[in-house]
Amino acid sequence: MIILSLDSGSRETYKKVKRIDAFDQVIENVKRYISVSDETKDKIIAKYILVDDLNDNIEEVEKWLTLMHSIGIKNTKIDVNFKRFFPEFHHEDPTVPAHYYDIYNHYKKRIEELGIKDHCWEFSRRVLEEGGIPKG
């Protein structure tokens, strides 16, 4: 399995999130991995970590999903910034920003439409469904 964390659907956002201008190189590498065989497509998971005020909007998530689908990615996951929601980090506001629900709902709707499998980590799913630090 290969998990890649692109965290963006555009070069401009990639540069902001990753602090490096390597978006095009990463996409070309992913295309090469996918081209190896049909089996390879099933072994790659594209991850998108929501980063407050950088990539946490529906437009960017849509660009990412559209790009992943166009290059043949069949598996994705969306994640949250874990430090905000792990109790031991004592974040001042461990609640889910309201717009994350819109992003998550858009993500779920679009992957179904695109035929992409969801591989969200259970912790992220619970954070987004329960609105903050998961109970239990």
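Just so it is clear, the structure is predicted and the values come from calculations on it, not from any experiment.
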Could you report the tightest heavy-atom contact between [X] and [Y], atom names first, then the distance?
{"X": "Ile2", "Y": "Tyr33", "value": "CD1-CD1, 4.2 Å"}
{"X": "Ser8", "Y": "Trp64", "value": "O-CD1, 3.2 Å"}
{"X": "Leu54", "Y": "Asn57", "value": "O-ND2, 4.4 Å"}
{"X": "Asp56", "Y": "Leu50", "value": "CA-CD2, 4.1 Å"}
{"X": "Gly72", "Y": "Ile34", "value": "C-CD1, 4.1 Å"}
{"X": "Asn55", "Y": "Ile49", "value": "ND2-O, 2.8 Å"}

[X]-[Y] co-clustered via ILVMFWY side chain contacts under 4.5 Å:
{"X": "Leu67", "Y": "Ile78", "value": "yes"}
{"X": "Val17", "Y": "Leu4", "value": "no"}
{"X": "Ile3", "Y": "Leu65", "value": "no"}
{"X": "Met68", "Y": "Val51", "value": "no"}

Within 6.0 angstrom of [X] [atom1], more than 12 heavy atoms from elsewhere:
{"X": "Glu113", "atom1": "CD", "result": "yes"}
{"X": "Asp38", "atom1": "CG", "result": "no"}
{"X": "Lys74", "atom1": "NZ", "result": "yes"}

Atom pair [atom1]/[atom2] of [X] and [Y] - distance to nearest 0.5 Å:
{"X": "Asn105", "Y": "Lys108", "atom1": "CG", "atom2": "NZ", "result": "5.0 Å"}
{"X": "Ile116", "Y": "Lys77", "atom1": "CD1", "atom2": "NZ", "result": "15.0 Å"}
{"X": "Glu112", "Y": "Lys117", "atom1": "CD", "atom2": "NZ", "result": "14.5 Å"}
{"X": "Ile58", "Y": "His99", "atom1": "CD1", "atom2": "NE2", "result": "9.0 Å"}
{"X": "Lys16", "Y": "Asp53", "atom1": "NZ", "atom2": "CG", "result": "11.0 Å"}
{"X": "His119", "Y": "Met1", "atom1": "NE2", "atom2": "CE", "result": "5.5 Å"}

Practice prompt. Taking the side chain as every heavy atom from C-beta outward, state whether Lys15 and Ile20 have any pair of such atoms under 4.5 Å apart.
Written response: no
Worksheet item: Does the side chain of Lys18 reach to within under 4.5 Å of the side chain of Ser5, using non-hydrogen atoms?
Response: yes
Worksheet item: With Phe23, which residues qualify under ring-ring contact (aromatic ring centres under 6.0 Å, His included), at least two apart?
Response: Tyr14
Discussion item. Among residues at least two apart in sequence or on other chains, which ones pass ring-ring contact (aromatic ring centres under 6.0 Å, His included) with Tyr107?
Written reply: none
Worksheet item: Can you check side-chain contact (heavy atoms from CB on, under 4.5 Å) on Tyr100 and Asp52, steps first, answer last?
Response: CA-CA 10 Å; Tyr100 276 28; Asp52 292 341; 2.4 Å; yes
Discussion item. Donor-acceptor check, side chain of Glu60 to backbone of Ser10, threshold 3.5 angstrom: yes or no?
Written reply: yes
Fill in: Glu62 backbone acceptor or donor facing Thr66 side chain under 3.5 Å
yes
Item to complete: Could you check Leu114, Leu6, Ile111, Ile44 and say which one makes a side-chain contact (heavy atoms from CB on, under 4.5 Å) with Thr76?
Response: Ile111
